[in-house]
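In what follows, every heavy atom counts, from backbone to side chain, and hydrogens, waters and symmetry copies are set aside. A, B, ... follow the sequence lines: proteins, then strands. Residue 1 opens every chain.
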Amino acid sequence: MNESLGDTGLILNDPLLWEKGKKGRCGFSLPRRDVESAPLREDLIDEGPDFPDLSEVDVVRHYTRLAQWNFGVDTGMYPLGSCTMKYNPKINEKYASLPGLAGAHPLMPADLSQGALKMMFELEEYLTEITGMDATTLQPAAGAHGEFTGMLLIHAFHVRKGASRSKIIVPDTAHGTNPASAALCGYRPVAVSSNEDGILSADAVAEVMDEDTAGIMITNPNTLGLFEENSKEIAEIIHAKGGLVYCDGANMNAVMGVVKMGAIGVDVMQLNLHKTFSTPHGGGGPGSGPVCIKKHLEPFLPVPRVVRDNGTYVLAEDYPESIGKVQAFHGAFGVMIKAYSYIRRMGPKNLNKASQLAVLNANYIKERLKGTLHLPYDRPCMHECVFSDKHQAAQKIATMDMAKRLMDYGFHPPTVYFPLVVHGAIMVEPTETESKEDIDQFIDAFKAIVNEAKEDPDLLRDAPRSCKVRRLDETTAARKPCLAG
Amino acid sequence: MLYLPHTREDIASMLETIGVDDLDGLFSTVPEDCRFTGDLNLPEALTEWELNDHMKALSDSMATFPAYKVFMGAGSYEHFIPASVSYLLSRSEFVTSYTPYQPEMSQGTLQAIYEYQTLAARLMGVDVATASHYDGAAALAEALLMAARITKRRKVVISSLIHPLYRRVVQTYFEPTEYEVVQLPYLKSGTTDFAALDDMDDLAAVGIQSPNFFGCIEDLQAIGEKTHDKEALFIASFTEALAYGLLKNPGSQGADIVAGEGQSLGIPRSFGGPGLGMLGSRKKFMRSLPGRLVGLTKDLDGKRGFVLTLATREQHIRREKATSNICTNNSLCALAAAMYMASVGGTGIRELARLNYDKAEYLKAELKKAGCIISFDSPTFNEFVVEFPSGFEATHRRLLEKKIVAGLCLAPYYSELANHYLLCVTETITKEDMDTLVSCLRSCFQKSKQA
Ligand SMILES: Cc1ncc(COP(=O)(O)O)c(C=O)c1O
């Protein structure tokens with residue numbers, strides 16, 4: 001290959017915050033004191049928190065150096081499967097920090113908050129349309145929070161029917177948040193296995209579905225990057241026994257304008273705005289996990305709801321069957337603005353195009369790497385493809401070694417060891433915003449690494465060599481936890 | 001479209017490699033009867049220029065500081081954010097990275113969150129703080145569930161002076177569980193009446209907010225002791241993190257778990273979110289904590305480094321047996337808080353918090369002089385409850401026309417508190433603003449007397 005992306009750079013060390021600074025420094029312009037000091041009961045106070053005192057320059061250098069030890073989508077390709085690390089448009093950031101939006105108090109009267117409410121109302125409409133559902137709540141703060149909200153809605157639905165059910169079906173390919181969200185709502189997850197094609201068969205679902213089962217949580221496209229082809233039939237089986245279908249919509253990026261989940265039997269689903277709708281992941285959040293539902297679940301949606309009344313927007317509280325609230329206020333409004341702006345910039349055709357190109361990129365990688373890496377399910381994939389380290393077993397090279405070596409080549413590794421049904425999984429999700437050249441470079445890097453595995457495997461075992469640190473001792477970190485300095 | 005880099009030639013050659021004829025052919029595994037064939041009914045794409053105008057119009061319609069003088073906190077506070085914090089926070093290496101699953105490539109996020117955990121733990125007075133939660137309300141709900149898991153008991157008690165919307169979130173989280181939530185009433189002094197604890201048994205936890213929803217500072221020490229007598233866990237909650245720049249922290253007064261909202265620490269109000277759920281505990285309960293934790297370790301060369309740790313508590317390992325379902329948290333908000341705490345510093349945060357206290361005391365005194373009643377006599381931090389003359393609603397509306405928000409009406413949350421308003425003063429409110437509020441109130445009262 002040509003010159004690799006990965007190179008060395010000047011990386012500066014910087015100590016921990018409290019190892020820097022000097023008492024008496026301040027990096028904050030304290031407002032003028034224009035009132036006198038008032039009496040304060042001495043027993044209420046002590047010496048205050050033990051924070052270091054730093055100058056503005058201390059703080060700026062510190063975080064600038066830390067930033068340089070990090071890798072983001074803006075640095076390079078980040079094909080982390082299941083995470084949809086697409087480009088985060090810069091204009092969205094600008095809108096989220098507009099003073100009227102960033103400075104808005106959540107409890108201001110509705111007539112003084114029309115812009116925010118209009119945006120939320122319209123975003124709900126857009127998401128409802130994209131998913132083919134009937135209504136949307138924007139309140140949940142992330143994907144898992146949306147799953148939990150969805151479980152609460154399902155629970156409320158069954159309670160109203162007079163019989164709360166105790167179980168829920170969760171396939172073995174599901175993300176860990178699915179069973180955890182179900183359990184948080186008091187449901188016992190019942191596992192079903194995917195078939196030899198990597199998807200659910202209707203028979204497997206029919207076997208476990210009964211009248212004590214609240215429904216099914218199904219990720220579509222699933223975490224193997226495959227479309228659940230039997231989803232309609234599965235929904236019929238679930239509905240016939242009075243259950244509901246929850247769809248984990250974290251992978252919606254594959255099917256915008258291609259599949260409307262509302263039309264294939266889904267009753268409730270969440271979207272991850274921090275995946276499909278381009279909002280940045282911020283090193284772990286904040287996200288936003290709107291929940292879209294069909295009519296029969298609408299009475300249970302969280303409050304307040306944004307309602308349009310004669311051209312003005314109001315916050316309506318009067319829903320006696322509502323599950324209540326999952327966030328103190330309206331959810332991650334600042335994140336919603338970015339998703340809204342993304343949808344407005346893209347329009348219907350480009351959203352559909354984005355899904356097509358995401359699927360194109362993933363299938364291209366699958367085709368070009370399948371001779372190099374083991375491909376457990378050799379079928380057309382959606383937005384991501386899952387390989388394994390089976391071919392490297394002979395060289396005693398594991399997925400993790402290849403992942404670490406990719407860093408030296410200047411790429412963030414794919415998701416590794418997930419989904420659990422593939423041993424040594426390597427889950428690649430390029431997203432639509434990677435160009436063919438960048439993808440070719442990634443493929444070449446992976447091929448070069450697989451070659452190195454044969455010829456000089458220590459290069460992989462020793463990797464990475466070009467990051468701020470080498471491999472870290474995670475065992476000791478967990479055995480003798482040091483969580484604060 | 002500028003976010004989609006593929007040229008026609010790229011697409012053609014990639015399709016050829018894959019062996020399908022057109023983009024539609026990529027979706028052959030989607031059964032015909034699952035396909036949507038129409039066009040999505042969404043507004044047509046806008047250019048950046050067009051969208052600028054649209055977004056500006058949305059923003060301009062909002063009533064916000066500084067055009068409006070907002071004497072309203074109630075869980076969302078206006079504080080100055082240093083330009084350096086907003087600037088550093090926009091570094092795209094922080095903004096556009098994922099959860100730090102690959103530590104060698106994420107040392108920036110990891111060290112920053114480790115530092116956040118440390119400063120957050122010092123602020124709350126606990127041994128361990130998590131990497132963040134969705135918001136203060138969700139953090140409180142998770143803390144109460146955690147206590148129920150640790151004690152294996154079914155009843156949790158919370159003060160009626162915990163933020164009403166937080167209590168609503170707690171109710172929602174607890175509704176499908178086998179646990180019961182009981183509320184404690186409040187006293188005339190504006191603090192929690194915990195006498196009823198004497199007659200309660202088999203408690204998992206007692207949850208108290210301080211400063212409470214009325215802004216009053218609770219006697220955490222006393223409630224903590226009573227809670228421990230009952231062998232329950234003591235959970236302290238807060239909505240105004242800045243208070244602990246001045247007040248004794250909850251941990252030093254016996255709290256076992258502390259959960260609250262960190263929005264005040266460098267995070268814009270943003271119509272209520274995203275905020276920062278802060279959660280921490282004594283070391284003893286570390287392995288029962290929900291959410292992500294960053295720990296210190298070494299690399300192969302013995303160099304200092306950081307990793308996500310104690311993952312066996314989490315959903316991706318334990319699935320339904322995890323301590324929580326949380327995955328994505330509010331990492332960038334935690335980073336903002338760390339930058340803010342580092343910028344303000346130990347000396348600065350104390351001065352800043354004291355300024356908040358002093359300003360609120362000034363307004364209290366001026367309102368008293370104008371004939372208003374300060375409803376509760378317990379000490380407060382930067383919020384307090386005022387009882388205005390009856391029919392104050394109309395005055396409140398008239399003040400809104402003058403771009404003054406004279407606090408939050410409490411009647412919808414506490415029906416017994418007609419004409420009571422919760423007012424807030426932070427360092428962003430000047431003496432002049434307060435004097436304007438008081439003189440407007442005076443003239444309104446005057447007019448209504450004459451009328
Ligand atoms: C398939 C799937 N479901 C659910 C989630 C959970 O979403 P979040 O991290 O926003 O809670 C994720 C992402 O981590 C996911 O990939």
Side-chain angles (χ1 to χ4, degrees), chain A residues 26-28 31 34-35 38 48 51 53 63 66-67 69-74 95 98 100 102-104 106 112 115 141-142 144 155 176 179-181 183 186 227 260 280 282-287 324-325 328-329 332-334 347-348 356 359 364 435-436 467-470 472 477 482 484-485, chain B residues 5 10 14 23 26 36 40 42 45 55 58-59 61-64 88 91-93 95-97 99 104-105 107-109 118 134 137 165 168 172 176 268 270-274 295-297 299-300 305 309 315-316 319-320 322 325 328-332 343-346 348 350 361-362 427 431:
Chain A
C26 191
F28 184 85
D34 52 5
V35 298
F51 290 172
D53 282 359
Y63 286 106
L66 260 57
W69 308 344
N70 240 27
F71 188 95
V73 179
D74 285 6
Y95 296 145
L98 285 171
L112 295 174
H155 182 79
S181 299
F227 191 79
K260 284 202 171 187
K325 291 179 75 59
F329 301 113
F333 176 78
Q356 291 177 329
V359 174
Y364 179 73
S435 68
K436 179 170 180 297
C467 294
K468 170 79 170 51
V469 291
R470 295 182 59 200
L472 292 147
C482 174
Chain B
D10 291 338
M14 292 168 87
L23 288 172
L26 293 166
F36 169 71
L40 289 173
L42 296 171
M55 297 304 288
L58 293 181
S59 171
S61 77
M62 303 292 291
T64 51
L88 289 168
R91 288 284 305 211
S92 74
E93 300 93 327
V95 176
T96 72
S97 56
T99 302
E104 298 85 357
M105 248 180 168
Q107 284 299 300
T109 295
T118 303
Y134 306 136
L165 300 177
R168 194 84 199 271
T172 304
S270 198
F271 210 48
L296 174 74
T297 189
D299 80 351
L300 283 172
T309 194
Q315 44 77 25
H316 61 281
R319 299 178 78 87
E320 66 267 27
N325 67 334
T328 291
N329 55 24
N330 282 29
S331 192
L332 201 67
S343 299
V344 181
R350 208 177 158 82
E361 290 303 304
Y362 174 81
E427 77 282 2
K431 175 171 179 291

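B/Tyr362 touches chain A through its side chain: at least one heavy atom from C-beta onward sits under 4.5 Å away, while N, CA, C and O do not. Only the side chain of B/Arg91 has a heavy atom closer than 4.5 Å to any heavy atom of chain A. Heavy atoms closer than 4.5 Å to chain A are found in both the backbone and the side chain of B/Ser59. Within the 4.5 angstrom heavy-atom criterion, atoms from both the backbone and the side chain of B/Leu26 approach chain A. Looking at B/Arg350, the atoms closer than 4.5 Å to chain A (heavy atoms on both sides) all sit in the side chain, from C-beta outward.
Across all their heavy atoms, B/Asp299 and A/Arg470 have their closest contact at OD2-N, 2.8 Å. Nearest approach of A/Lys260 to B/Leu40, heavy atoms of both residues: CE-CD2, 3.8 Å. The two residues A/Asn70 and B/Gln107 have their closest heavy-atom pair at OD1-N, 3.7 Å. Listed here is the closest heavy atom pair of A/Cys26 and B/Val344: SG-O, 3.6 Å. B/Asn330 and B/Tyr134 get closest at one heavy-atom pair: ND2-O, 3.0 Å. Heavy-atom minimum distance, B/Ser97 versus B/Thr109: OG-OG1, 3.8 Å.
Using a distance-only test at 3.5 Å, with no hydrogens or angles considered, no donor-acceptor pair links the side chain of A/Ser435 to the main chain of B/Pro5. When atom types are taken as modelled, the side chain of B/Asp10 and the backbone of A/Lys436 share no donor-acceptor pair closer than 3.5 angstrom.
Each of B/Gly295, B/Gly345, B/Pro274 has some count of heavy-atom pairs under 4.5 Å with chain A, and the biggest count is that of B/Pro274. Ranked by heavy-atom pairs shorter than 4.5 Å toward chain A, the options B/Gly305, B/Ser331, B/Ala63 are led by B/Ser331. Among B/Met55, B/Glu427, B/His316, the residue making the largest number of heavy-atom pairs under 4.5 Å with chain A is B/Met55. Chain B forms more heavy-atom pairs under 4.5 Å with one residue of A/Ala144, A/Cys482, A/Gly282 than with any other, namely A/Gly282. Comparing A/Cys467, A/Gly287, A/Pro286, A/Ala183 by how many heavy-atom pairs each has under 4.5 Å with chain B, the most go to A/Pro286. Between chain B and the options A/Pro280, A/Gly334, A/Ala180, the largest number of non-hydrogen pairs under 4.5 Å is found for A/Ala180. Considering only heavy-atom pairs separated by less than 4.5 Å from chain B, the leading option among A/Gly283, A/Gly103, A/Ser181 is A/Gly283. Comparing B/Glu361, B/Met105, B/Glu320 by heavy-atom pairs within less than 4.5 Å of chain A, the highest count is held by B/Met105. Per-residue counts of heavy-atom pairs under 4.5 Å with chain A were compared for B/Ser343, B/Ser92, B/Pro268, B/Ser61; the largest is that of B/Ser343. Contact count versus chain B (heavy atoms, under 4.5 Å) is highest, among A/Gly48, A/Pro31, A/Gly324, A/Ala67, for A/Ala67. If you tally non-hydrogen atom pairs under 4.5 Å between each of A/Pro106, A/Gly72, A/Gly27 and chain B, the highest count goes to A/Pro106.
Within the model, atoms OG1 of B/Thr172 and NZ of A/Lys325 stand 8.5 Å from one another, a figure rounded to the nearest 0.5 Å. Atom CG of B/Leu296 and atom OG1 of B/Thr309 lie 10.5 Å apart (nearest 0.5 Å).
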